[in-house]
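In what follows, chains carry the letters A, B, and so on, assigned in the order in which the sequence lines appear, proteins first and then strands, with residues in each chain numbered from 1.
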Amino acid sequence: MPGSTDGRGTVYVIYNSGIWQTFPDTWQIGQPESDPALVPPSGRYQPVQSIGKVWRDNPLVRQELGWALEPQTPFTGRFQEPSGAPDIFLNRVPYFYVDHGKWGIVLRLYAVNMGPNTWEVAGRY
Amino acid sequence: MHRRLWLFIAVLVLASLACTLGSRNESNNTVPTPIPTTVVIAASPTSQPSITPAPTASPRPTNTPVPNCTPRRDWPTIVVQPGDTLFGIGLQVGATVEQLVAANCLASADTIYVGQALYVPSVPPPPPPITPIPTCPNPWFFVFDAGLRRDTDTCPKPVVALSAFGQDFEGG
């Protein structure tokens, strides 16, 4: 599953297991984009820049994701959330919708308090 | 439907009769009598429906006064609507049929009529106003999969565009 940056300094890591994490984007231009010591097998890629830094700095993420299947690709994502009263007053888990950026699917990301964040496919476009 | 079924049977009978007549004529070696099949078609019932005289307005039932009964004039009143029953009214106002009969000095529970004012212990609250479904100024930027709409009571906020990078991994 993809890792992505959203241009606001956040890296979203969305696992196939149905959970997701965010990490602050700490990579800056001028820093190494990748680690030459990490050589991917044939047909795989080492993630670079923002995604790569999260991948390299967090062993559990790296272990879970493995190697990249492709180079990172830019896309214009979309983010939308329901209006109205804050979810905490409605006694429901806050969530928002994110354009996955690929395959035309939209994910509903639940920000679970004190627990792993979960996600599901909500719709398509 | 009933009329159509009847017509269909009538055609069969007449057609059967016509066949019988035709074969009989053939066996007698006489000139066959023209079979009036068109008659069957023309026999479609076009009779005008009989005009049912308009029902005369039934006289409004009158309640026979119950002797030695004083209506509960200290109670508010409601007006009987079509379809109302004392039992149903009782459910709305929190009273039994017997209480309503007694409070209105009715001869029986079956003697109410549309437009009649009835004394009731309390007036039922008006039905809640129908809240129109708000038209959202911002549409969702996608179509929900079946059964996956979680927020049918809210409108979406505007879409925020994100410049992002994405990448697929082998695990996860």
Side-chain angles (χ1 to χ4, degrees), chain A residues 1-8 11-17 44-45 47-52 55 61-85 87 90 92 95-102 104-106 108 120-125, chain B residues 76 78-79 81-84 87-96 120-172:
Chain A
M1 289 300 288
S4 67
T5 63
D6 65 2
R8 297 182 303 175
V11 178
Y12 291 79
V13 182
I14 301 167
Y15 300 95
N16 278 338
S17 60
R44 296 293 186 263
Y45 299 84
V48 300
Q49 300 178 348
S50 299
I51 297 175
W55 184 83
V61 173
R62 181 171 154 191
Q63 176 185 334
E64 193 72 18
L65 291 180
W67 296 98
L69 295 173
E70 60 184 3
Q72 68 179 18
T73 52
F75 68 94
T76 300
R78 285 171 289 186
F79 172 97
Q80 195 170 30
E81 58 186 331
S83 62
D87 288 310
L90 299 177
R92 66 183 182 192
Y95 60 87
F96 54 93
Y97 299 99
V98 171
D99 177 359
H100 173 268
K102 290 186 174 185
I105 64 175
V106 174
R108 180 188 290 112
E120 62 185 342
V121 175
R124 301 167 196 282
Y125 59 90
Chain B
I78 63 170
V79 176
Q81 302 296 319
D84 276 351
F87 180 75
I89 293 172
L91 290 178
Q92 298 177 46
V93 302
T96 65
V120 293
S122 63
V123 177
I130 299 174
T131 304
I133 299 175
T135 302
C136 297
N138 307 303
W140 295 103
F141 72 85
F142 58 96
V143 177
F144 285 93
D145 283 0
L148 288 175
R149 182 78 188 270
R150 295 281 187 274
D151 39 22
T152 54
D153 56 337
T154 61
C155 289
K157 290 182 179 178
V159 177
V160 177
L162 307 171
S163 295
F165 286 92
Q167 197 165 22
D168 281 352
F169 290 78
E170 58 187 4

How far apart are the closest heavy atoms of B/P156 and A/Q80, and which atoms are they?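 Closest approach of B/P156 to A/Q80: CB-NE2, 3.4 Å.
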Taking every heavy atom of B/G171 against every heavy atom of A/N16, the minimum-distance pair comes out as O-ND2, 4.0 Å
Without swapping roles, check the side chain of B/Q167 against the backbone of A/T73 for a donor-acceptor pair under 3.5 Å. no
For B/L162, does its backbone N or O pair with a side-chain atom of A/T76 as donor and acceptor, under 3.5 Å?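 Side chain of A/T76 to backbone of B/L162, a donor-acceptor pair under 3.5 Å: no, none is there.
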Criterion side-chain contact (heavy atoms from CB on, under 4.5 Å) on B/F141 and A/D99, from CA distance to verdict: CA-CA 9 Å; B/F141 72 85; A/D99 177 359; 4.0 Å; yes
Side chain to side chain contact (heavy atoms under 4.5 Å, CB included) against A/E120, all qualifying residues, sequence neighbours excluded: A/R108, A/Y110, B/L148, B/R150
Find out whether B/F165 and A/V11 are in side-chain contact, i.e. whether some heavy atom of one side chain is under 4.5 Å from a heavy atom of the other.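 No, too far: nothing below the 4.5 Å cut-off.
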For the residue pair A/R124 and B/D145, establish whether any side-chain heavy-atom pair is separated by less than 4.5 Å.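 A/R124 reaches B/D145 side chain to side chain.
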Greatest number of non-hydrogen atom pairs under 4.5 angstrom with chain B, of A/G104, A/P74, A/G101, falls to A/P74
Test side-chain contact (heavy atoms from CB on, under 4.5 Å) applied to B/E170 and A/L69, step by step: CA-CA 6 Å; B/E170 58 187 4; A/L69 295 173; 3.8 Å; yes
Contacts of type ring-ring contact (aromatic ring centres under 6.0 Å, His included), residue B/F144, not counting sequence neighbours: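 Checked B/F144 against ring-ring contact (aromatic ring centres under 6.0 Å, His included); matches are A/Y97, B/W140, B/F142.
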For A/V121, is it the side chain, the backbone, both, or neither that has a heavy atom closer than 4.5 Å to a heavy atom of chain B?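 Interface part for A/V121: both.
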How many angstroms lie between CD1 in A/I51 and CZ in B/F169, if you round to the nearest 0.5 Å? 6.0 Å
Do other residues, nucleotides or ligands put more than 12 heavy atoms under 6.0 Å from the CZ atom of B/F87? no
